There are 2 protein chains.
Amino acid sequence: MPEERPRRRQARGERRMAEILDAAAGVFAEAGFERATTNAIAAAAGISPGSLYQFFPNKPALAQALADRFVTEMDTAHRTAFEGADFAALPLDELLDRVVDPILAFNVDNPGFKALFARPDMPRDLAAAAQPIQGALLGRIERLLAARAPGTPEPERARNARVLVQVFQGLVPLVVAAPEEERPALTVEVKRVLGGYLRTIEGR
Amino acid sequence: MPEERPRRRQARGERRMAEILDAAAGVFAEAGFERATTNAIAAAAGISPGSLYQFFPNKPALAQALADRFVTEMDTAHRTAFEGADFAALPLDELLDRVVDPILAFNVDNPGFKALFARPDMPRDLAAAAQPIQGALLGRIERLLAARAPGTPEPERARNARVLVQVFQGLVPLVVAAPEEERPALTVEVKRVLGGYLRTIEGR
DNA sequence: CCAGATTACGAGCAATCGCTCGTGTTTCAC
DNA sequence: GTGAAACACGAGCGATTGCTCGTAATCTGG
């Protein structure tokens with residue numbers, strides 16, 4: 001059994017790993033997971049293929065590491081979106097501003113993110129890496145719904161949360177792909193969609 | 001110049017082409033465009049790789065032909081959804097029933113469809129093949145909006161239509177992937193989302 | 001300063017995949 | 001009936017790609 005002994009990385013190595021992940025994010029973003037070649041990623045990072053494999057054992061592991069990085073960054077974006085406000089009392093429009101804007105901004109700033117996770121045909125383990133985000137977001141939305149529409153029975157609330165997440169993620173590409181000057185108007189539309197649905201949930 | 005002379009197909013050949021497209025739909029549906037191998041499609045159709053290439057010059061052309069078939073089928077689904085009703089006068093809930101149900105049904109019955117078209121990284125020409133559907137749907141929705149909210153200025157109406165299409169297509173995977181018994185409830189949610197947004201457009 | 005570990009290189013291996021080609025069988029117009 | 005075209009086969013070619021391996025430079029703890 002070739003028991004994988006963990007290496008002691010030098011500072012240079014850590015820097016390289018970050019550079020490789022940066023390059024990978026770019027290549028994945030514009031080529032997708034399958035079409036992105038490891039040699040192209042290495043070239044984009046300014047290193048040789050062999051060097052890349054000093055740090056990541058294979059292509060899925062590279063994507064996985066990038067996924068992990070996105071997970072933590074996305075999580076802080078979610079945290080700033082979802083904390084420090086009384087969601088039960090806040091007017092709906094303000095609530096939407098607070099929640100939608102930062103998450104949308106994250107997706108605009110990290111185009112590689114949806115290129116990796118919006119794909120229906122990714123390896124199982126990659127999908128597993130994305131689930132922490134999905135799960136955490138879903139939980140937060142469910143708690144939000146519990147605060148604002150306490151009367152809703154549990155299974156329906158779970159369904160509502162899934163629909164909200166799906167609608168939002170379905171609209172993200174539209175906003176991300178739009179030219180800069182159209183984004184504000186589209187952001188307004190996103191909030192109208194979510195707001196319209198939330199109003200029917202809250203019973204007004 | 002190897003001027004592509006069109007063949008005179010025999011009845012057997014036409015049948016084979018249909019069989020190949022059926023097989024391709026299945027393989028594309030569960031493997032995605034890239035991962036689907038032409039040899040696997042040939043095997044699924046019960047023929048040899050060489051035979052497949054008697055009918056389709058290459059893999060994109062095969063996907064293209066499948067796309068064309070989907071386009072016409074989807075178009076009839078759209079036609080039954082969008083014709084023979086006075087959209088200006090119909091109550092919103094009835095309107096949604098008439099439009100949403102058949103299109104959703106088509107997507108449930110043809111899982112290969114979104115596997116081919118919901119992908120962000122497909123070849124340019126494949127995306128071009130999908131655009132007739134997209135364009136036709138968008139046009140119909142715009143006309144529908146024009147009938148129900150005549151006051152909306154043109155650019156905003158176009159934006160509204162794009163958002164509606166995107167929201168709907170974002171929710172399709174949720175409905176398609178759900179177990180049979182959850183689909184009715186999710187269909188209701190789809191209509192609530194679209195209805196909620198439409199109400200804000202119509203101004204009540 | 002030196003030994004061992006880490007980082008770096010890049011040609012090329014092995015496997016995969018789209019597709020071809022030589023060959024043989026079936027169909028159909030005349 | 002006959003010849004040409006359409007249909008069918010499947011081994012394998014050529015190109016691509018994920019990854020290796022032998023070798024060399026660089027770093028670091030002692």
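Protein chains get the first letters and strands the later ones, always in sequence-line order, with residue 1 at the start of each. Computed from a prediction, not measured in an experiment: that's the story for all the values here.
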Taking only residues two or more places apart in sequence, or in another chain, which ones meet B/R157 in a salt bridge (charged side-chain N to carboxylate O under 4.0 Å, His left out)?
-> B/E154
Do other residues, nucleotides or ligands put more than 12 heavy atoms under 6.0 Å from A/Q131 CD?
-> no
Determine the sole option in A/R69, A/R15, A/R16 for which the salt bridge (charged side-chain N to carboxylate O under 4.0 Å, His left out) test with A/D22 is passed.
-> A/R69
Parallel under 30°, tilted from 30 to 60°, perpendicular over 60°: which one fits the rings of A/F28 and A/F33?
-> parallel
Residues of residues 10-21 of chain B with any non-hydrogen atom less than 4.0 angstrom from an atom of DNA chain C: list those, numerically ordered, please.
-> B/Q10, B/R12
Might you list the N or O atoms of the protein lying below 3.5 Å from N or O atoms in nucleotides 19-23 of chain C, with each pair's distance?
{"residue": "C/dC19", "atom": "OP2", "partner": "B/Y53", "partner atom": "OH", "Å": "2.9"}
{"residue": "C/dC19", "atom": "OP2", "partner": "B/K59", "partner atom": "N", "Å": "2.6"}
{"residue": "C/dC19", "atom": "N4", "partner": "B/N39", "partner atom": "OD1", "Å": "3.1"}

Base, sugar-phosphate, or nothing for B/A61, non-hydrogen atoms under 4.0 angstrom?
-> nothing
Under 3.5 Å donor-acceptor pairs involving side-chain atoms of residues 95-108 of chain A, not counting sequence neighbours:
{"residue": "A/D97", "atom": "OD1", "partner": "A/K191", "partner atom": "NZ", "Å": "2.8"}
{"residue": "A/R98", "atom": "NH2", "partner": "A/E83", "partner atom": "O", "Å": "3.0"}
{"residue": "A/D101", "atom": "OD1", "partner": "A/K191", "partner atom": "NZ", "Å": "3.0"}
{"residue": "A/D101", "atom": "OD2", "partner": "A/K191", "partner atom": "NZ", "Å": "3.3"}
{"residue": "A/N107", "atom": "ND2", "partner": "A/I103", "partner atom": "O", "Å": "2.9"}

Most 5' of B/R8 and B/T37 on DNA chain C, judged by nearest nucleotide = B/T37
How is B/A42 classified with respect to the nucleic acid when contacts are heavy atoms under 4.0 Å: base, sugar-phosphate, or nothing?
-> nothing
For atom CD of B/E182, is the number of surrounding heavy atoms from other residues, nucleotides or ligands below 6.0 Å larger than 12?
-> yes
Whole angstrom is fine here: how far is it from CD1 in B/I47 over to C1' in C/dT25?
-> 16 Å
For B/L52, which contact category applies under a 4.0 Å heavy-atom criterion: base, sugar-phosphate, or nothing?
-> nothing
Under 4.0 Å from any heavy atom of chain A: name the first and the last nucleotide of DNA chain D that qualifies, 5' to 3'.
-> D/dT17 to D/dG29
Hey, does the side chain of B/S51 reach the backbone of B/I47 with a donor-acceptor pair shorter than 3.5 angstrom?
-> no
Within the side chain of B/K59, is there an N or O that forms a donor-acceptor pair under 3.5 Å with the backbone of B/T37?
-> no
Tell me: CZ of B/F33 to P of C/dC17, nearest whole Å?
-> 14 Å
Does the side chain of A/N160 come under 3.5 Å of the side chain of A/Y197 through a donor N or O and an acceptor N or O?
-> yes
Under the ring-ring contact (aromatic ring centres under 6.0 Å, His included) rule, collect the residues that match up with A/F70, sequence neighbours excluded.
-> A/F113
Are any side-chain N or O atoms of A/R148 and backbone N or O atoms of A/F87, one a donor and one an acceptor, separated by less than 3.5 Å?
-> yes
